[in-house]
Amino acid sequence: MRDAVYPGSFDPITFGHVNIVKRAIERFDKLHVVVMDNPNKNYLFSLDERLAMVKNDLKEVKNVVVDTYNGLLVNYLKEHKIYNLIRGLRAVSDYEYELQMAHANKSLLPELEIFFLMADTKFSYISSSMIKEIAMYDGDISKWVSPYVESKLKERLLKK
Ligand code: COA
């Protein structure tokens, strides 16, 4: 069984993430989408709220396990004996950060192989932060997030 992990903050999940999941699952038997914390970020949604949105958006995608983990990524990988990691790359600007994380993770877990998928051009310019900013001003975000995520964003950001 070839399993892989696709970790991220997913604050919130976007169609860009869903696109990576659907392409990754074509190459592996099972994909663990793991909602995690990046200690350098301030999140709009709690881990449980982010998890609920990821579960909702991926409920129809087969061979996907949605999970959450509050700790080091390599510890999740070791606990589950998974040595394939998926990350998406949108632009050159992602590269330096991803390279740093990849080397750090690989040095903590040498058996690890990291696979980078280029984000689909339709989604290569979006980020969760940009979508949150547009939602804050009640802009149309329906091209980038599901109706469920859109409703959660508007509920949180437009609440008077
Ligand atoms: N399409 C659209 N947007 C995408 C995307 C895609 N395919 N892939 C990533 N993004 C965006 C996200 O929306 C996010 O935008 P934001 O910065 O505005 O929120 C940004 O790219 C990066 O998101 P993500 O891929 O979730 O990375 P992250 O930096 O938020 O989280 C973790 C990285 C959680 C995997 C990392 O911090 C981690 O492993 N944490 C656990 C602790 C640990 O092990 N630390 C040591 C790491 S070496």
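Position 1 is the first residue of the sequence; numbering continues from there. Source: prediction; values computed, not measured. Counting starts at 1 for both ligands and their atoms, following the listed order.
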Have a look at ligand 1 and work out which part of [X], if any, has a heavy atom under 4.0 Å from it: side chain, backbone, both or neither.
X    : result
M130 : neither
V74  : neither
I20  : side chain

Polar contact flag, side-chain donor to acceptor under 3.5 angstrom, D140-S142: yes
State, without any angle test, whether K59 and N56 hold a side-chain donor-acceptor pair at a distance under 3.5 Å. yes
Ligand-residue contact atoms, ligand 1 with [X], heavy atoms, under 4.0 Å:
X    : result
I126 : 2 (C), 3 (N)
G71  : 41 (C), 42 (C)
S127 : 13 (O), 15 (O), 18 (O)

Check for me whether [X] has a heavy atom closer than 4.0 Å to any atom of ligand 1.
X    : answer
Y69  : no
S129 : yes
D120 : no

Among Y69, Y6, Y76, side-chain hydrogen bond (donor to acceptor under 3.5 Å, both in side chains) partner for H32: Y76
Does L109 form a side chain to side chain contact (heavy atoms under 4.5 Å, CB included) with E111? I'd like the steps, not just the answer. CA-CA 6 Å; L109 184 62; E111 304 93 310; 3.4 Å; yes
For the hydrophobic clusters of this structure (ILVMFWY residues joined by side-chain heavy atoms under 4.5 Å, transitively), does one cluster hold both L73 and V66? no
State the CZ-CE distance between F10 and M53, to the nearest 0.5 angstrom. 11.5 Å
Best match, R87, H17, K106: closest heavy atom to atom 9 (C) of ligand 1: H17
Which of these, L73, L72, V18, has its nearest heavy atom closest to atom 46 (C) of ligand 1? L72
Tell me, do Y43 and N38 make a side-chain contact under 4.5 Å, heavy atoms counted? yes
Counting C-beta onward and ignoring hydrogens, is there a side-chain heavy-atom pair between R27 and F115 closer than 4.5 Å? no
Write out the residue and atom name of the closest protein heavy atom to atom 19 (O) of ligand 1, then the distance separating them to 0.1 Å. K41 NZ, 3.2 Å
Specify whether the nearest protein heavy atom to atom 6 (C) of ligand 1 is under 4.0 angstrom away. yes
